[in-house]
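The structure appears right after this line, and notes come after that.
In listed order, ligands and their atoms are each counted from 1. Computed from heavy atoms alone, side chains included, the values below leave out hydrogens, waters and symmetry copies.
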Amino acid sequence: MDTSQKKVLITGAAGFLGSHLCDRFIKEGCYVIGMDNLITGSMKNIEHLFPKENFEFYFHDVTKFVHIPGKLDYILHFASPASPIDYLKIPIQTLKVGSLGTHNLLGLAKEKKSRFLIASTSEIYGDPNIHPQSEEYWGNVNPIGPRGVYDEAKRFMEAITMAYHTFHGLDTRIARIFNTYGPRMRLNDGRALPAFIGQAIRGEDITVFGDGSQTRSFCYVDDQVEGIYRLLMCDYNLPINIGNPDEITIKEFAEEIIKLTGTNQKIVYKPLPTDDPQQRQPDITKAREILGWEPKVSRAEGLKITYEYFKNVIKNN
Ligand code: UDP
């Protein structure tokens with residue numbers, strides 16, 4: 001590889017966000033090492049990158065010692081199960097990748113003097129008591145609930161990253177990522193968007209949990225990747241929310257998807273999962289001011305692209 005070329009390690013490379021980040025860094029001319037243990041990721045998301053000279057894939061679990069030969073300019077830690085169904089199925093791995101995995105990667109960053117960015121989450125705010133959520137809010141998390149394994153691992157991840165920053169002078173970034181959607185989401189990961197689109201395409205009822213009055217704010221993946229890229233390139237070390245503030249109730253969201261897909265299916269109501277946050281909307285003042293970033297893709301545009309993607313996935317299965 002060309003020595004002036006930036007070399008970047010992306011963990012969770014075969015996942016939804018990780019694979020889009022690989023694409024972005026390849027496009028920027030970087031040398032990209034994608035790492036994944038494929039517990040929730042899929043090779044399909046990165047197959048197209050294998051012919052590229054500046055892409056390499058390491059099949060590895062980051063909770064084990066991580067070794068990368070040569071220099072390393074950036075590390076982006078995106079490995080983690082990321083849906084409530086996953087937390088229930090693989091709670092220990094969820095805890096380990098956020099804690100032990102982050103520790104290993106911080107050690108690597110310290111050794112290689114790499115800039116280090118973590119994928120934190122709006123889940124660190126738990127079921128929030130303030131609205132919208134700004135970075136100063138400390139959150140309302142149930143540590144022993146079903147989401148606790150993810151939320152607390154991510155909170156620990158922020159804590160240990162800040163500790164490496166203040167104690168070892170490591171150059172770190174913390175992205176607090178709010179709900180993001182787009183192509184390469186897993187169809188059956190239990191999340192609202194793939195669930196609703198999948199149900200509509202298969203001709204099944206649309207399952208809204210609770211009365212559907214809970215809210216989320218959905219960010220299209222290209223916007224999210226742009227925000228993360230800008231964060232890595234700026235010199236701000238405190239957490240920054242990256243998400244789309246356009247908030248919607250889950251019932252309205254289901255109705256939008258019914259309209260988009262033209263399905264005749266109806267909404268059926270199922271019990272609300274434990275600790276499901278009642279409302280969520282990012283305050284993105286900091287991202288606007290510090291990164292000069294705000295989302296550009298409307299939900300109507302983003303959902304159309306995502307619907308086309310899922311139609312193909314289902315057709316080819
Ligand atoms: N949800 C739903 N039906 C489904 C899947 C999810 O009503 O089939 C609800 C879920 O209870 C939550 C919202 O949609 O209130 C968003 O869920 P998702 O898993 O996408 O994201 P998260 O809760 O992690 O923000």
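- Under 4.0 Å from ligand 1, the heavy atoms of Arg280 that appear belong solely to its side chain.
- Nearest protein neighbour of atom 3 (N) of ligand 1, counting heavy atoms only, is Thr207 O, 2.6 Å.
- Scanning all heavy atoms of the two residues, the minimum distance from Arg176 to Tyr137 falls at NH1-O, 4.5 Å.
- In terms of protein heavy-atom proximity, atom 15 (O) of ligand 1 is closest to Asp276 OD1, 2.6 Å.
- Under 4.0 angstrom from ligand 1, there are no non-hydrogen atoms of Leu193.
- Numbered from 1 in the order shown, with element, the atoms of ligand 1 that lie under 4.0 Å from a heavy atom of Asn179 read 21 (O), 22 (P), 25 (O).
- Distances shorter than 4.0 angstrom occur between a heavy atom of Pro84 and an atom of ligand 1.
- Counting heavy atoms closer than 4.0 Å to ligand 1, residue Phe196 contributes side-chain atoms (C-beta onward) but none from N, CA, C or O.
- Only side-chain heavy atoms of Ala195 come within less than 4.0 Å of ligand 1; its backbone N, CA, C and O stay farther off.
- Counting heavy atoms closer than 4.0 Å to ligand 1, residue Arg147 contributes side-chain atoms (C-beta onward) but none from N, CA, C or O.
- Expressed to the nearest 0.5 Å, how far NZ of Lys44 lies from CG of Asn316 amounts to 8.5 Å.
- Note that OG1 of Thr172 and CG of Leu238 are 8.5 Å apart. Values are rounded to the nearest 0.5 Å.
- Residue contacts with ligand 1, taken as heavy atom pairs separated by less than 4.0 Å, involve Ile250 solely via side-chain atoms from C-beta onward.
- Given atom 22 (P) of ligand 1, the protein heavy atom at minimum distance is Arg216 NE, 3.6 Å.
- In terms of protein heavy atoms, atom 1 (N) of ligand 1 is closest to Phe209 CD1, 3.4 Å.
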Exercise. Can you check ring-ring contact (aromatic ring centres under 6.0 Å, His included) on Phe25 and Tyr229, steps first, answer last?
Worked result: CA-CA 9 Å; Phe25 281 86; Tyr229 188 79; 5.2 Å; yes
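- At a heavy-atom distance under 4.0 Å, atoms from both the backbone and the side chain of Arg191 approach ligand 1.
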